Each structure stands twice: as C-alpha cells, then as structure tokens.
Amino acid sequence: MLRNYSNSRTLGDNIRLGTLTAFTAGTINIASLLIFLSFTSNVTGHYAVFAAEISKGNWSQVAVVGAWIFLFFFGSFLSNFIVINFNKRSKYFAHAMPIVLEIICLLFVGIYGQFYYQKTLEETEYLVALMLFATGLQNGLTASISNFAVKTTHLTGTTTDLGILFSMFTQKKYRKNGELIARAKLLMSIMAAYVLGAVFSGLTYYYLEFRVFYVISFCLLVVIGYDAYKIHIRHFNTRYRHSRIYKKPNVLAYLYDKVHGIPKRKEKRTLVFDE
C-alpha cells in the first residue's frame, strides 16, 4: 500500500490504501462531530464559517478558524514534503512517516480526552486543530503517493467523479473502458469505507468515547504493518533463494529448512552416452 509510488501503483494498491484510510477518516469525522460538534476530516465547512466570521467582524473566531484551515493545509504540505525529500532514501520510510505522525496526534487526542479533558472551549479548539492537522497529513499522503488518484478524508470530489463516470457509463464504449471501470471501483470502495467508518464511530462512540481514537490508530497501524510485513517476507524469500542457488547457507535458510524440512533432491538422471 505504501511502498509503490505514483504510476507504479496498481489498482489493488490504491483500493487497499483508499479503503483503510477512508474508514479511519469517516471514524474521525463522526467522532469529532459527536465530541466537539465540529467536522475535522475536511475544511469545506470551515471556509464558510471563516467567511461568515469575517463578515461579522468576530476577529477572534476568524483567527481560530483560519488556524484550523492552515493546519489542514500544513498537514498536506508536510506529507508531500516528507515524500519528495525522503523518497529516494527509503520509499517505505517516506510514505510511513506521515501515518506515524497522524497516529501520534490521534493518540494524544484520545489520551488527553480520556484523562484530562474538561470540556472547555480552548481545549476543544486545540484538539480540533490537532485533528485537522492529522487528517491533512493523511489526505496529503494518499494523494501524493497515488498521483492524486486517492483522496480519503472527504467525499465531495469522490461523489462528483462518480456522477461523471456513471453518466459516461450510459454509453457502451465507456462501459468497456477498463481504466474508467477501475476508477469507478476505487471511488466506490472509498465511499463505502468512509460511510462504514462513520457508522462504526456513531455506534461505538457511546461505549468507547475517546477510546475510539485508539481503534483508529490501530487501523492506521495495519496500513503501516502490512507493508512492513511484505517487505520483510520479500527480504526473507530473496535471502533464501540466494542460499539455494549459490549453495551458501545463511541463518534465514537454516531456519526455513528447520521449519519446512530440507527438500529431497532428485536423483541425477543417467544419459545414454554416460553408460
């Protein structure tokens, strides 16, 4: 999900990344709505509030909402900054680091909310700001590594694109276009995962409360862990194949043989002219 970059990604890579991160985005958005009465997975509504507060001359709220919008922007900026500057050193590190930062932010919100939150306005504003920064990190990462094919923290563009695609599918020539069909599958999987995450958050919040952010962090750990697992398994297989081909034993091959048993070698075939 995280290893491949831009055009080297497959549809499966994008669907796995899109569904898991969209599920977490839906969960975050509904949890923040129930707890803080504010959406935190997108800034569309905040722009409207920002403009409304300017028209009222309420400059303190203009500063707060402006800071929220900036933090979402800065989260996206930081994600792509990490990707483009560390991608040559390690794609996995560059793509996993924004997710790690998001997990740290969400764990802080969960721990602070569970043990220290006094429901003051200032606390709410700071926690909402931190969650907007976290979702900005996520949205910037998924868009950056997928060549803008995957955006998972809001569904405005997703719904628009699906409407366009379905109108195109009314003509037979477009229904046979594999690229368009793949795009529709990706968008529908993101939409379904986002809604599922929102429903899950709504059903479990009254039992978990701030602990729901631990569940979200676990889902993001799955995103990181999946690629870490694939990388280590691939490294293991490479080392094992190298030992079998060049007959140079190593620890990994030794352990593999202990677990699976040493394969029986076929008897050497005798050729006619060898007799």
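Predicted, not measured: the structure shown is a model, and the values here were computed from it.
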Hydrophobic cluster identity match, [X] and [Y], side-chain contacts under 4.5 Å:
X: Tyr214; Y: Val222; value: yes
X: Ile82; Y: Val223; value: yes
X: Val199; Y: Leu208; value: no
X: Val195; Y: Leu33; value: no
X: Phe23; Y: Ile15; value: no

Any non-hydrogen side-chain atom of [X] less than 4.5 Å from a side-chain atom of [Y]?
X: Ser60; Y: Val62; result: no
X: His95; Y: Val83; result: yes
X: Leu220; Y: Gln138; result: yes
X: Phe108; Y: Ile104; result: no
X: Phe72; Y: Thr153; result: yes
X: Val212; Y: Ile28; result: no
X: Asn42; Y: Thr156; result: no
X: Leu180; Y: Phe169; result: yes

State, without any angle test, whether [X] and [Y] hold a side-chain donor-acceptor pair at a distance under 3.5 Å.
X: Glu123; Y: Thr120; value: yes
X: Tyr194; Y: Thr19; value: no
X: Thr158; Y: Asp161; value: no
X: Asn29; Y: His154; value: no

Counting N and O atoms only, with roles assigned by atom type, does the side chain of [X] sit under 3.5 Å from a partner on the main chain of [Y], one being a donor and the other an acceptor?
X: Ser32; Y: Phe36; answer: no
X: Ser201; Y: Gly197; answer: no
X: Asn139; Y: Thr152; answer: yes

How close do [X] and [Y] get, heavy atom to heavy atom, and via which atoms?
X: Ala143; Y: Lys151; answer: CB-CG, 4.0 Å
X: Ser79; Y: Pro98; answer: OG-CB, 3.4 Å
X: Tyr206; Y: Leu34; answer: OH-CD2, 4.0 Å
X: Leu106; Y: Ile216; answer: CD1-CG2, 3.6 Å
X: Met131; Y: Thr40; answer: CE-OG1, 3.6 Å
X: Ala129; Y: Leu71; answer: CB-CD1, 3.4 Å

How long is the span from the [atom1] atom in [X] to the [atom2] atom in [Y], to the nearest 0.5 Å?
X: Glu179; Y: Leu11; atom1: CD; atom2: CG; result: 11.0 Å
X: Lys185; Y: Asn14; atom1: NZ; atom2: CG; result: 13.5 Å
X: Met168; Y: Tyr174; atom1: CE; atom2: OH; result: 4.5 Å
X: Ile190; Y: Thr21; atom1: CD1; atom2: OG1; result: 7.0 Å
X: Leu186; Y: Leu17; atom1: CG; atom2: CG; result: 9.0 Å
X: Leu137; Y: Ile103; atom1: CG; atom2: CD1; result: 11.0 Å

[X] vs [Y] aromatic rings, parallel, tilted or perpendicular, using cut-offs 30° and 60°?
X: His46; Y: Trp68; answer: perpendicular
X: Phe73; Y: Phe70; answer: tilted
X: Tyr112; Y: Tyr116; answer: tilted

Next on the checklist: Surrounding OH of Tyr126 (heavy atoms of other residues, nucleotides or ligands, distance under 6.0 Å), is the total greater than 12?
Outcome noted: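 Not buried by this count: 12 neighbours or fewer within 6.0 Å.
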Item to check | Residues, nucleotides or ligands: over 12 heavy atoms within 6.0 Å of Phe39 CZ | outcome: no
Item to check | side-chain contact (heavy atoms from CB on, under 4.5 Å) between Phe50 and Val43, intermediate numbers included | outcome: CA-CA 10 Å; Phe50 182 73; Val43 290; over 6 Å; no
Next on the checklist: Before you tell me yes or no, could you show the steps for Met188 and Leu162 under side-chain contact (heavy atoms from CB on, under 4.5 Å), namely the whole-Å CA-CA distance, both residues' side-chain angles and the distance that decides it to 0.1 Å?
Outcome noted: CA-CA 8 Å; Met188 286 190 292; Leu162 272 176; 3.8 Å; yes
